[in-house]
Amino acid sequence: MSAEQLAETIRLLVLDVDGVLSNGLLFYGQSGEELKTFHIADGLGIKLLMKHGIEVAIITGRKSGMVEQRARELGISHLVQGREDKLEALNSLAKDLAIPLSGIAYMGDDLPDLGAIERVGLGMVPANASPYVSGHADWRSQANGGMGAVREACEFILRCQGKLDAIRESYRA
């Protein structure tokens, strides 16, 4: 099946953070605080998905107050932090939400994401994902992680489900 066909039945998009929602760079302040950047366009893409009936979740191997804050700002209620076992965390989330893996898209960028990318209905990666992991994905963005890749993924899913044109038109009125 093509990536377009796989995207037609997606009900949940699961995202990694470092290298997907952020650019993967870590900045540390003088006091040891960690800083990350998030792309505003990714946030709108996430909101559009959720507004049009597609759930969004985050599974990340690290724990971060900034990720918790960003998820809260975007209205993402399914946040799983501190889980290196991404596939196990994904299986648990899918069970809790009663969504089969075939109805889930997962976007990751490196080896810890590989099992999830291979098992979901639509495996997605940003342009700068590990080449090995990219080789196992169904779809790859043109943008790098943290630079609009999630927005592209959201629009791809919405386009394949026949919703994107109407969404864009609604902003013209």
Indicate yes or no for a side-chain donor-acceptor contact from [X] to the backbone of [Y] under 3.5 Å, with no hydrogens or angles considered.
X: Gln81; Y: Ser64; value: yes
X: Glu34; Y: Met66; value: no
X: Arg168; Y: Leu164; value: no
X: Glu152; Y: Ala143; value: yes
X: Asp42; Y: Val150; value: yes
X: Ser102; Y: Gly121; value: no
X: Arg140; Y: Ala127; value: yes
X: Glu33; Y: Ser31; value: yes

- Item | Min side-chain heavy-atom separation Arg119-Leu90 under 4.5 Å |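 Arg119 does not reach Leu90 side chain to side chain.
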
- Message: Do Tyr106 and Leu101 make a side-chain contact, defined as non-hydrogen atoms from C-beta onward lying under 4.5 Å apart?
- Response: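 Tyr106 vs Leu101: side chains apart.
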
- What residue among Thr60, Asn91, Asp16 forms side-chain hydrogen bond (donor to acceptor under 3.5 Å, both in side chains) with Lys86? Asp16

Minimum heavy-atom separation for [X] to [Y], with atom names?
X: Ile10; Y: Ala105; answer: CD1-N, 3.7 Å
X: Arg70; Y: Phe38; answer: NE-CB, 3.7 Å
X: Asp85; Y: Arg83; answer: OD1-NE, 2.8 Å
X: Met107; Y: Ala153; answer: SD-CB, 3.9 Å
X: Ser130; Y: Asp110; answer: CB-OD1, 3.6 Å
X: Pro126; Y: Gly145; answer: CB-N, 3.5 Å

- Item | side-chain contact (heavy atoms from CB on, under 4.5 Å) partners for Leu6, two or more places apart | Met1, Leu122, Asp138

- Go through the structure and list residues passing side-chain contact (heavy atoms from CB on, under 4.5 Å) with Asp18, not counting sequence neighbours.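 Residues passing side-chain contact (heavy atoms from CB on, under 4.5 Å) with Asp18: Ser22, Leu26, Lys36, Arg62.
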
Out of curiosity, does [Y] fall in the hydrophobic cluster containing [X] (side-chain heavy atoms, cut-off under 4.5 Å, transitive links)?
X: Leu21; Y: Leu93; result: no
X: Val120; Y: Val125; result: yes
X: Ile104; Y: Leu15; result: no

- Query: Partners of Gln69 by side chain to side chain donor-acceptor pair (under 3.5 Å), sequence neighbours excluded?
  - Reply: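 Result, side chain to side chain donor-acceptor pair (under 3.5 Å) vs Gln69: Glu73.
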
- From CA spacing to verdict: side chain to side chain contact (heavy atoms under 4.5 Å, CB included), Trp139, Glu4: CA-CA 9 Å; Trp139 181 88; Glu4 290 80 3; 5.8 Å; no

- Query: Given His78, which of Val56, Ile59, Leu97 fulfils the side-chain contact (heavy atoms from CB on, under 4.5 Å) condition?
  - Reply: Leu97

